[in-house]
2 protein chains.
Amino acid sequence: MPVSLDWMIKHLNIELIITNSYILKNSKYKDEILKKGLHKFFGFDGVIYTDSGTFQMYSQGRANISNEETIAFQKAIGSDIITPLDLFTLPSDDKKTARLKLEKSFERSSLLEKMHESYSLPLQGGLYVDLRKKAALLANKYEPAVYAIGGIVPLMESYDFLNLVKVVYAVKSLLKPNVPVHAFGAGHPLVLPLLVLLGVDVFDSASYALYAYDRRMICPHRTYNVDELEYFPCSCRYCEAEIPKDLTTEELAKHNLTVIFEELESIKEAIHEGTLYEYVEYKLGARPELVKAYRWIMRSANKWLQSYEPMSRKRGFLTRDESFKRPLVKHTKNRLSYVKSSCQEVESFMGKIPLSLALSYPFSQVSTYKHEYSWYAESIYFMNKEPLSFIKDVLAYQFRDDFSYKVKWENVKFIYSKTTKRLREVRYKNKVMLTLRSYDNLFVPRDEFYYFLKSQNINFPYKVKVFKEAEPFVKSGRNVFAKFVKDVKGAFQPQDFIAILSEDGRDFLGWGQALLSHKEIPYFKRGVAVKRK
Amino acid sequence: MPVSLDWMIKHLNIELIITNSYILKNSKYKDEILKKGLHKFFGFDGVIYTDSGTFQMYSQGRANISNEETIAFQKAIGSDIITPLDLFTLPSDDKKTARLKLEKSFERSSLLEKMHESYSLPLQGGLYVDLRKKAALLANKYEPAVYAIGGIVPLMESYDFLNLVKVVYAVKSLLKPNVPVHAFGAGHPLVLPLLVLLGVDVFDSASYALYAYDRRMICPHRTYNVDELEYFPCSCRYCEAEIPKDLTTEELAKHNLTVIFEELESIKEAIHEGTLYEYVEYKLGARPELVKAYRWIMRSANKWLQSYEPMSRKRGFLTRDESFKRPLVKHTKNRLSYVKSSCQEVESFMGKIPLSLALSYPFSQVSTYKHEYSWYAESIYFMNKEPLSFIKDVLAYQFRDDFSYKVKWENVKFIYSKTTKRLREVRYKNKVMLTLRSYDNLFVPRDEFYYFLKSQNINFPYKVKVFKEAEPFVKSGRNVFAKFVKDVKGAFQPQDFIAILSEDGRDFLGWGQALLSHKEIPYFKRGVAVKRK
């Protein structure tokens, strides 16, 4: 290894290491590891995940070990996540072989399930989408620590990203959402953004070292042959050599690892900021195979991705023709179908929309290379002049329901900002009921709004009921953990405002914002489902 | 200044520094600089280029200096490139004002021209393309060290890249090609690739420092507010802090500078490798305004860019819908118009093409996200079976001429590779005349080919004549310097093979490959025009 684990622990933000038990078992350190245990041997107190000899069977032709042996060894050395000896499926395997390997792999995993171990469940199936789906459905009956999508390294090696995303999507879209998903052997900055978009959580790769031995330099958008470089397109800590040619294998390996981790940080920052699609599309420009894969996703995985589409983001950029196929666009079309506006229509990047919605997300937040608008002043004028029409339309759009058109808006008062002169609040009998959020022109509801609707027997569409034991916590303003959610109503999505009700559904406990979609909450046993304020 | 010049000289690959004489003149160091001279004062023996107070007049409203004063001061301190006090034109200036400022700026530059100084000629004109063109045509009568496009900082600050490229193109496409062009104040990694594509050579920017004071972190594809970052999307030498928030102004400034220089290195590497369009298109994904600007370039600057399109590249990626509008595509269509093939047609990324050309650049070198081909075996079969049809078509395509169809191909023999079984050489009376280059399936001509054509009174279309004094050097295999080229014939482009003839045009001296297009060579007084072998 060109880089020591000590160095990695010290210099990289590593949360988990994956190491190969087959290699350890055949190394001179075997006895020492058995005696000390993995954690002490490596001096790492994070999670240690061990792989079996499967990949070696593929890359070296054979591995001299049985499923029982590798499991016993991984257990003996104190692995936190054990991997069975599954059967690596090649892209060239025929369907019968792929099916047999899939079934055999499950058989081998069953042993770990029976042992109640913390383990990784490898999912094979080759290039056969129906087998991959079958694997996912079977996998949902197991309780592993992680699902691992196997047999994809040859696809990444040959830049066959189209088949890679087909396989990953087939599996991930059917798996229970509460178990993390690992893409075995994925680590190049080129594919990481796409895989994250498809919901992959865990990555591992030895490419940093293998590429370094091969004199290949991983950069965010491509790989260079370091000896062919005339200039020095990197300034990382390990690229201090005078010219690229002078980089040692160790420096190159450190560089490669650093770039991979920087990529993960960039992706996390994009998720944090709400710009993952922007980031993914930026990186598409690096290879035509990525475009091919993304176009497939926009076509075939769109509906699934729509269910994770948040209600709003601070901003958005559409920079490619493919951008107009984003789940955002299709999801927004769906939201628009609930609006029964009678106001004038204006042109948006998605075609004609009611003027009442022109300032709401995404119409005035998203910028494209094709469109420029001149309705800002006009839509502010409309909002201030006809607040009720405006409110009805925005609520229908925001909550995908027609309740706003049924409500009797009596004793309601509109408050305007003194500085911006724009509508700011809706009050009922002088109590604030709705606040208009400035950055996306959508409403933040207050408790009074729920009572106002209830007094007219109007049903608010997005609701969760919480178990009795959680009621006092919710009342005091605490977040709602997924395991305390008894019941979910309405097709709400991340960031949507939802009413939190008591177990019997009679008492309103407060408003919250969904962190998960309505589809995910029932699966999760840990973590926050609904955020307060 | 958050970063010292000593640090910059030590850590960055700086070839030239630009410093502001107005600020120096008003600093406490004025007398010291006057006494020691700029180079000694800064301890820098590279080129020092001084700016006048123009930008300060714009950004601070006024500068208390005359044209004569600033020129005298810059001369006194030993500046290598002096800038007159031109008049900064605002995007909001009306046309009359812009024209007056332009004319006044030229008047002020004239003083330096008369003094025979090494100076920078600032070109103004605001957003008025016709004034920018007028400026370029006027500028061609001057002999400055560098042309400087002024008044563009406000465009970059407001992400108005569309007007930026309109202005830069208007100027650059009309300027003499032998004088370097400087884009005043351009330095963000977002715009550098586009500006290089349009032919800008010199950049300067104080943004590294200004942004650092403002807590803004420049990254290759965007700017982050460093205090809002949750993750750390950089691993440069100066990003060693635990979290981004902890970066000091000095570290941030060093980071910003490092990223800007890394961007320049990446661009240079792309030029070196022949993948500048790929790189520019990759970066387009960062902002819709870049896409807007690029689409305009592909539409309006395409013909001009085509004249710089090299005959061949090792590979190419088309990753956006915009890619299909590249000069490459239009230029290739032009090449195809010379082919009078009677062979079968096949589908390429550009539509139908003769099978005889399917292996030639760019048809089998360029990969896209839309196309996959199956004619490889078929086209090799055709080439081997009907070599003469193949040769005629490729030569017509390669040299944009119909001479290959007029030649009597008698006493000609085709040689096939023993290993690849593919056509490799064309011989005439057993002497090698043409070699087929494997990576792009185009021909490399040998001396014998010229004599073969001459014996049939066939005119080879691409030629240069060199002055008598250079003839012996060319005969001995040396490169041809631009200043020794007497005459240029044919619309050849970079990398095209051209026949080098004696001054009187009677003797063939050898083949060479153009490094410049036929349009550029007459202007250059320095550097190699035609490369040998």
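Letters go in sequence order (proteins before strands), and every chain restarts at 1. Just so it is clear, the model here is predicted, and its values are computed rather than measured.
Only the backbone of B/L318 has a heavy atom closer than 4.5 Å to any heavy atom of chain A. At a 4.5 Å heavy-atom cutoff, the contact between A/T368 and chain B is made by backbone atoms alone. Residue B/C239 touches chain A through both its backbone and its side chain, counting heavy-atom pairs closer than 4.5 Å. When heavy atoms are compared at a cutoff of 4.5 Å, B/R287 approaches chain A by way of both its backbone and its side chain. Contact of B/S367 with chain A is made through backbone and side chain together, with heavy-atom distances under 4.5 Å. Both the backbone and the side chain of B/H221 come within contact range of chain A, each with at least one heavy atom under 4.5 Å from a heavy atom of that chain. Contacts of B/Y279 with chain A are made by side-chain atoms alone, with heavy-atom separations under 4.5 Å and no backbone atom involved.
Residue with the most contacts toward chain A among B/K283, B/R320, B/E281: B/R320 (heavy-atom pairs, distance under 4.5 Å). Your options are A/F317, A/Y238, A/Y282, A/F261, and the one with the most heavy-atom pairs under 4.5 Å with chain B is A/Y282. Of the listed residues B/A286, B/A270, B/C219, B/P220, the one with more heavy-atom pairs under 4.5 angstrom with chain A than any other is B/A286. Of the residues considered (A/C236, A/P233, A/S235), A/S235 shows the highest number of contacts with chain B, using heavy-atom pairs under 4.5 Å. When the candidates B/K292, B/R237, B/E265 are compared by the number of heavy-atom contacts under 4.5 Å with chain A, B/R237 comes out ahead. Chosen from A/T258, A/L229, A/V259, the residue pairing most often with chain B at heavy-atom distances under 4.5 Å is A/L229. Interface check for chain A: of the options B/E240, B/K370, B/H11, the most heavy-atom pairs under 4.5 Å are formed by B/E240.
For A/N302 (side chain) and A/K325 (main-chain N/O), a donor-acceptor pair under 3.5 Å exists by modelled atom type. At distances below 3.5 Å, not a single donor-acceptor pair connects side-chain atoms of A/Q495 with backbone N or O atoms of A/P310.
Note that CG of A/L252 is 8.5 Å distant from CD1 of A/I218, once rounded to the nearest 0.5 Å. B/L197 CG to B/I267 CD1: the interatomic distance, rounded to the nearest 0.5 Å, is 10.0 Å. Here the straight-line distance linking atom CD of A/E269 with atom CZ of B/R222 works out to 7.5 Å at 0.5 Å rounding.
Judged purely by distance below 3.5 Å, without hydrogens or angles, the side chains of B/Y224 and B/R216 never pair a donor atom with an acceptor atom. For A/T275 and A/E273, the side-chain atoms include at least one donor-acceptor pair closer than 3.5 Å.
Atom NZ of B/K268 sits in a crowded spot, with more than 12 heavy atoms from other residues, nucleotides or ligands closer than 6.0 Å.
Ring-plane geometry between B/H371 and B/F324 is classed as tilted, the angle between the planes lying from 30 to 60 degrees on a 0 to 90 degree scale.
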